[in-house]
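Input: a single structure, listed below in structure tokens.
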Amino acid sequence: MKKNDVVREIAARLRLPRAECSRVIDVFADVVTDALVNGEKVVIRGFVTFEPSEYKERHGYNPFTGEMENFDTVRTVRCKIGEPIKKAVNER
């Protein structure tokens, strides 16, 4: 399911214009992104938790060059799905 499909479904369920639903999704994504950039955890109970994470600098093997090298610190985001969604997916 792509963004357009999600927008279409939300618009149909709420009987709102698609453009308005699309703007809401865009703003939601911006708010979550801003929070994660600022190091904040975003929790939507029963749905999903986004948490910024960091892999520390390390020394390791690079399979492309065949040599040992240093890898820089990498920031990423961890995503944990809520229990109600896990249960719903496993019931099908």
Side-chain heavy atoms nearer than 4.5 Å, only ILVMFWY residues, links allowed to pass through others: does that put [X] and [Y] together?
{"X": "V77", "Y": "I44", "answer": "yes"}
{"X": "V24", "Y": "M1", "answer": "no"}
{"X": "V31", "Y": "V7", "answer": "no"}
{"X": "V37", "Y": "V42", "answer": "no"}

Rounded to the nearest 0.5 Å, how far apart are [atom1] of [X] and [atom2] of [Y]?
{"X": "E40", "Y": "E51", "atom1": "CD", "atom2": "CD", "result": "12.0 Å"}
{"X": "T73", "Y": "E54", "atom1": "OG1", "atom2": "CD", "result": "5.5 Å"}
{"X": "C21", "Y": "K3", "atom1": "SG", "atom2": "NZ", "result": "11.0 Å"}
{"X": "C79", "Y": "L36", "atom1": "SG", "atom2": "CG", "result": "10.0 Å"}
{"X": "R18", "Y": "I10", "atom1": "CZ", "atom2": "CD1", "result": "12.0 Å"}

Compare all side-chain heavy atoms of [X] with those of [Y] and state whether any distance is below 4.5 angstrom.
{"X": "I25", "Y": "V6", "result": "yes"}
{"X": "T33", "Y": "F50", "result": "no"}
{"X": "T49", "Y": "K41", "result": "yes"}
{"X": "I85", "Y": "F47", "result": "yes"}

Between [X] and [Y] (salt bridge meaning N to carboxylate O under 4.0 Å), is one present in this structure?
{"X": "K86", "Y": "E83", "value": "yes"}
{"X": "D5", "Y": "R8", "value": "yes"}
{"X": "D72", "Y": "K56", "value": "no"}

Between Y61 and F71, the two heavy atoms sitting closest are O-CZ, 4.1 Å
With distance as the sole criterion, is a donor-acceptor pair present between the side chains of E67 and N62 under 3.5 Å?
-> no
